[in-house]
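Down below is the structure, laid out as structure tokens.
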Amino acid sequence: MYLQSRHLTAWKDEFHDIIRGACGGFLFGIPLLYTMEVWWIGSTATPAAMLLAILTGFVIAFLLNRTAGFRKFKDIRTTDAVMDSIKSLAIGLICTVLMLTLLREITPHTPLYEILGKVLFEAVPFTIGVSLAAQLLQGSRTDNGTASQEKSFSKSTSEEINATLSDIGATLIGALIIAFNIAPTDEVRMLAAAVQNSWLIAIIVASWLISYLIVFEAGFSNQEKRRRQQGIFQHPVSETIACYLVSLIAAAFMLLFFQRLSFEDPWTMWLQYSILLGLPAGIGGSAGRLAV
Amino acid sequence: MTELNQSDAGHHEPQDQRSLNTIAEKTTLIIASAILAVVVALVGYLGLDAKNKTPPDLSLSRSGAIWEASGQFYVPFEVQNQGGKTAEAVQVIAELKVNGEVIEFGEQQIDFLSSGELEEGAFIFTQDPRQGVLSLRVSSYKLP
């Protein structure tokens, strides 16, 4: 019985560590995923360059895992760092394949050569993000003092509104930091041309899921604080959906600001572009809520 | 016996100490190593595959029937790289000749065509291409 629960805890810990790593990968890797030059570099890379990309990714991951990593443990030995670097690379590769498939940069018609090149070059920033995950958004992980203080507050309406406004503000800040760099570029337009409407639904679902995992499952700082957060959107699921909508509106405004969208454009184009930029904006928004 | 050993060691490890060699860690390590091995093997296969060293072999052909919309004629085409190396900035052109004279000309540039990759598009003419002679060809590319 004890052994079973110990195994279960070990699996849970491992699962959470991997989720934390993947979330770190998304936070660090998503801007480069929206960079067409990286797709092109991947498309034309030679096998030797691809092997070099794997090696570079592994060496950077190893150096980062020696000091940061994606786990909570502090006593990282060389063998641990090697094992974690292999896992960092694998997590980076899986996340990259999923994201490139979602954005239709990888389709069943894409040749193996191009798939490997794109995935390997996009996976390097993801792997760096995975290996930095424990250091991202670092802070007081379990601030019980604040917890008791917060519990003693009465849930007055004005406090709920303030908490909600604070959430919206934090989401906007995070969305701006990540998506403002992407909004003026041609990538959103190019991706919109490749992504069919049914895939937009998948992108929305992926945005929600990644956002939820970053805030409520990855174990970044302030996760417990987020779960205790007061405000109109108290439940993790409703908070995720509400903040995604905020990110979507922020994405539309960013595209309007950089004249990528105008009021003459059809609503379908607004929707397509906003959903595509809403993915990085939503990821940034999630990081923003953890940071505030 | 196992129960006894477990109860002997029945204290939780400190938060900052790593519990090495759990089945969970071993399993994920095996899966991660397998993923990495497959990727390295695929890259190795690409490196050894002689076909990947051959120059681009670009073919352009019509991919469907001509259709008319809003007074314009659309000629669908597909271009494929059957060679080994990737071609960049692939230029495809279409000429419509009537009585031996070129009366309309269309061109398109494809950013990249990897080995085996197929891209589709359409040339647009204001006059019906079925009334003349239509010729399609790839005019140029460059190596990345």
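Proteins come first, then strands; the chains are lettered A, B, ... in the order of their sequence lines, and each starts at number 1. For the numbers below, each heavy atom of this structure counts, side chains included, while hydrogens, waters and symmetry mates do not.
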Quick one, [X] and [Y] - any side-chain contact, counting heavy atoms below 4.5 Å?
X       : Y      : result
V119(A) : V39(B) : no
T27(B)  : W11(A) : yes
M50(A)  : L46(B) : yes

*Name the option with the most non-hydrogen atom pairs under 4.5 Å to chain A; the candidates are I35(B), V43(B), I31(B).*
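Going by pairs under 4.5 Å, I would pick V43(B).
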Can you measure from [atom1] ([X]) to [atom2] ([Y]) and round to the nearest 0.5 angstrom?
X       : Y       : atom1 : atom2 : value
E114(A) : L113(B) : CD    : CG    : 9.0 Å
E117(B) : Y113(A) : CD    : OH    : 13.0 Å
L42(B)  : L120(A) : CG    : CG    : 9.5 Å
M83(A)  : L29(B)  : CE    : CG    : 6.0 Å

Decide if atom [atom1] of [X] counts as having more than 12 heavy atoms of other residues, nucleotides or ligands within a radius under 6.0 Å.
X       : atom1 : answer
E37(A)  : CD    : yes
N99(B)  : CG    : no
F105(B) : CZ    : yes

Side chain / backbone / both / neither for [X] at chain B, heavy atoms under 4.5 Å:
X      : value
L93(A) : side chain
I91(A) : neither
I54(A) : side chain

*Which heavy-atom pair separates S114(B) from S43(A) by the least distance, and what is that distance?*
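Nearest pair, atom of S114(B) first, then S43(A): OG-O, 3.9 Å.
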*Considering all heavy atoms, the nearest A24(B)-A10(A) contact*: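 Heavy atoms only, the tightest pair is CB-O, 3.7 Å.
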*asked:* Taking side chain as everything from C-beta outward and backbone as N, CA, C, O, which of these in S115(B) sits under 4.5 Å from a heavy atom of chain A? Side chain, backbone, both or neither.
replied: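 Contact with chain A: backbone only.
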*Any donor-acceptor pair under 3.5 Å linking the side chain of K87(A) with the backbone of E25(B)?*
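Yes, the answer is positive, given that a donor and an acceptor are paired below the 3.5 Å cut-off.
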